[in-house]
Asks: 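The structure is given below, and queries will be raised subsequently.
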Amino acid sequence: MTAFLSLPEAIAQYVHDGDTVALEGFTHLISFAAGHEIIRQKKSNLTLVRMTPDLIYDQLIGMGCARKLIFSWGGNPGVGSLHQLRDAVEHSWPRPLELEEHSHAAMAHAYAAGAAGLPCAIFRGYAGSDLVGKHSNIRFIECPFTGERLAAVPAIRPDVGIIHAQRADRKGNILIEGIVGVQKEVVLAATLAVVTVEEITDELHAPSPNAVVLPYWTVSAVVLAPEGARPSYAHGYYGRDNAFYTAWDTIARDRESFLSWMREHVLGDRK
Amino acid sequence: MASEPVATTTYTAAEMMIIAASRSLRNDDICFVGIGAPSAACNLARLTHAPDITLIYESGTIGTKPDILPLSIGDPELCETAITTVSVPEMFQYWLQGGRISVGFLGGAQIDRFSNINSTVIGDYAHPTVRLPGAGGAPEIASCCQQIYVIMRQNRRSFVPQVDFITSFGHGTGGDARQRLGLRTAGPSLIVTDLCLMRPDSESKELIVVAIHPGVTREQIMEATGWPIRFADHVEQTPPPTDGELTILRELQTRTAQAHSDEKRDHS
């Protein structure tokens, strides 16, 4: 059965030090509330997986929760660098960060392979790129039918997948709308899946028979977390706060201003 | 475009670059749009001479018609104005890998004489001087789209003899390097900068200047290029921006700036 938990309960129960955790959300429905709870509970030694680390991984990395990052684009979209990520890579602050770097195509295929229960993903990619050889998880195979050389990457199978979604019904069925990214794939690929939602309603009211719905039996826990994606957005609920994304560039550029922002806005005395 | 009046007001080199880039797109293009300058150029094309162009962003939005320029590749505006929005695996599997895209429009931090693009690191990979955001969709955009246009400001730090890191393969070491890798697409075929337009030489694939923007000299271009840049036998002059192009671009940028600076909230 799907558990309905508070955010602190869900993170305490499902996320453990040393886990491989994927908080997804491709520039939409980013799990900021869940990420902040991971920071408050001082989880450590995590291998963080995410196509676009975004500000939430900048915060997790800057607060020392991560030992490794598997990613494909580590910037502040349209603004510039993720300064805490850069500080970790360039100066090992607050701790060294191992990188396993991919392209979007590779990670998208790897999530799909994870959802499909396959050991690896095969695709046409990485031709001529220097990303090849930077770690052992980009390899090539020959198509047994045509002989074409194709790229292969291992399936992504996180210990815990965490996503934010618009709503759940009281059984725990989940509705996702708008830019759906890899939300479905990460839930199906993960051993355990936690979904934070804007609201829980009696009926799901999926707008179309083809809506993106995750049946309750694919989800370990549902957490009510209104506005849990801010400053990212939830299609149909609130917009993306682009001004904050821009402001983050200044906040995160300096260690002291970063820590002071985190103390005030995330650690604070809120629960 | 040719019949429109030439701009009576002054314009910046950045505006010239975006306008020149927008002119390269056709009404029937299916265009995979990178964020930043490519996005501005592609939407300007849609708002001027190419109203039916299909713009696709890697977030899965197909046929999007944003009224303001998105800050990220996944702004709500893109999804709300798209014909359809597909998942990210579907975007990369079917639409990009499937060979459906006529033009991929990319930017980057560094480009070299054979149009290889670096958006990963400056310096050594293990100990970078500058850690850049990384590949994103670019490596497979560069290999799967029928051709690639690149838009980048030109200076000696960005136009280098050899990139520090090949994120996206252009023409490798030149000649038939793409064919030798098994690539069947054309790769980079046009580079638009704030000074000029370049295209790869048909044989060697080395970039050569084919058009120079108004008021720019050959010396400026040589000064801003990290290798001895060559010029085509017949170098054209880029037509200056028209009043129409400038007005539409500036209105787009004003709307965008306004929308993105709306009230900041407390995100705790």
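Numbers restart at 1 for each chain; the letters A, B, ... are given by sequence-line order, proteins then strands. Being a predicted model, the structure only gives us computed values, none of them experimental. Below, each value reflects all heavy atoms present in this structure, side chains not excepted, and no hydrogens, waters or symmetry copies.
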Asks: Rounded to the nearest 0.5 Å, what separation is found between the CD atom of B:Glu90 and the CD atom of A:Glu185?
Replies: 10.0 Å
Asks: Roughly how far, to the nearest 0.5 Å, is CD of B:Gln97 from NE2 of A:His109?
Replies: 4.0 Å
Asks: Considering only heavy atoms and a distance below 4.5 Å, find which of A:Gly75, A:Ala121, A:Ser72 pairs most often with chain B.
Replies: A:Ser72
Asks: Counting only heavy atoms not in B:Arg250, do more than 12 fall under 6.0 Å of its CZ?
Replies: yes
Asks: Please give me the minimum heavy-atom distance between A:Tyr126 and B:Glu140, naming the atom from each residue.
Replies: N-OE2, 2.9 Å
Asks: Under a 4.5 Å heavy-atom cutoff, which of B:Ala138, B:Pro76, B:Ser168 has the most pairs with chain A?
Replies: B:Pro76
Asks: Tell me if the CD atom of B:Gln179 is crowded by more than 12 foreign heavy atoms within 6.0 Å.
Replies: yes
Asks: Do A:Val182 and B:Pro89 come within less than 4.5 Å of each other through their side chains, counting heavy atoms only?
Replies: yes
Asks: Do you know which of B:Gly136, B:Gly134, B:Ser119 has the most heavy-atom pairs with chain A at a distance under 4.5 angstrom?
Replies: B:Gly136
Asks: Does any part of the side chain of A:Arg240, heavy atoms only, come nearer than 4.5 Å to the side chain of B:Ser72, both counted from C-beta?
Replies: yes
Asks: Nearest 0.5 angstrom please: B:Cys144 SG to A:Arg124 CZ, how far?
Replies: 7.0 Å
Asks: Of all of A:Gly125, A:Ala151, A:Gly178, A:Ala108, which one pairs up most often with chain B through heavy atoms under 4.5 Å apart?
Replies: A:Ala108
Asks: Give a yes or no on this: more than 12 heavy atoms of other residues, nucleotides or ligands lie within 6.0 Å of atom OH of B:Tyr94.
Replies: no
Asks: Could you tell me which non-hydrogen atom of A:Trp73 sits nearest to which non-hydrogen atom of B:Ala135, and how far apart they are?
Replies: CD1-C, 4.1 Å
Asks: Could you pull out the closest heavy-atom pair between B:Gly137 and A:His104, with the gap in Å?
Replies: N-CD2, 3.3 Å
Asks: I need the residue from B:Asn118, B:Ile141, B:Ile73 with the largest number of non-hydrogen atom pairs under 4.5 Å to chain A.
Replies: B:Ile73
Asks: Using a cut-off of under 4.5 Å for heavy-atom pairs, which of A:Gly78, A:Gly80, A:Ala105 has the most such pairs with chain B?
Replies: A:Ala105
Asks: Answer with side chain, backbone, both or neither: which region of B:Thr85 has an atom nearer than 4.5 Å to a non-hydrogen atom of chain A?
Replies: side chain
Asks: Please check if the side chain of A:Glu90 supplies one atom and the backbone of B:His127 the other of a donor-acceptor pair under 3.5 Å.
Replies: no
Asks: State, yes or no, whether a side-chain contact exists between B:Val88 and A:Met51 at a heavy-atom distance under 4.5 Å.
Replies: yes
Asks: Below 4.5 Å from any heavy atom of chain A, which atoms of B:Thr129 appear? Answer side chain, backbone, both or neither.
Replies: backbone
Asks: Are A:Glu101 and B:Tyr125 close enough that some pair of their side-chain heavy atoms sits under 4.5 Å apart?
Replies: yes
Asks: Enter the distance from A:His235:NE2 to B:Cys79:SG here, rounded to the nearest 0.5 Å.
Replies: 4.5 Å
Asks: Taking B:Ser59, B:Gly60, B:Ser39 one by one, which has the highest count of heavy-atom pairs under 4.5 Å against chain A?
Replies: B:Ser59
Asks: Taking A:Ile179 as the fixed residue, which of B:Thr61, B:Val86, B:Asp75 is the one that meets the side chain to side chain contact (heavy atoms under 4.5 Å, CB included) rule?
Replies: B:Thr61
Asks: Among A:Ala115, A:Gly128, A:Ala127, which has the most heavy-atom pairs under 4.5 Å with chain B?
Replies: A:Gly128
Asks: How many angstroms lie between CD1 in B:Ile68 and CG in A:Asn242, if you round to the nearest 0.5 Å?
Replies: 7.5 Å
Asks: Has the side chain of A:Ser129 got a donor or acceptor atom that lies under 3.5 Å from a matching backbone atom of B:Thr167?
Replies: yes
Asks: Highest number of heavy-atom pairs under 4.5 Å with chain B: which of A:His28, A:Glu148, A:Lys134, A:Arg149?
Replies: A:Lys134
Asks: Tell me, side chain or backbone of B:Pro139 under 4.5 Å from chain A's heavy atoms, or both, or neither?
Replies: side chain
Asks: Considering only heavy atoms, which portion of B:Val121 lies under 4.5 Å from any heavy atom of chain A: side chain, backbone, both, or neither?
Replies: neither
Asks: Go through the atoms of B:Phe165 and report whether side chain, backbone, both or neither lie under 4.5 Å from a heavy atom of chain A.
Replies: both
Asks: Can you tell me how far apart OH (A:Tyr245) and NE2 (B:His260) are? Round to the nearest 0.5 Å.
Replies: 12.5 Å
Asks: Ignoring hydrogens, what is the shortest heavy-atom contact between B:Arg131 and A:Ser81? Give both atom names and the distance.
Replies: O-OG, 4.3 Å
Asks: Do A:Met107 and B:Phe92 come within less than 4.5 Å of each other through their side chains, counting heavy atoms only?
Replies: no
Asks: Answer yes or no: does atom CZ of B:Arg255 have more than 12 heavy-atom neighbours from other residues, nucleotides or ligands under 6.0 Å?
Replies: yes
Asks: Can you tell which part of A:Leu99 gets under 4.5 Å to a heavy atom of chain B, answering side chain, backbone, both or neither?
Replies: side chain
Asks: Is any side-chain heavy atom of A:Val79 less than 4.5 Å from a side-chain heavy atom of B:Leu71?
Replies: yes
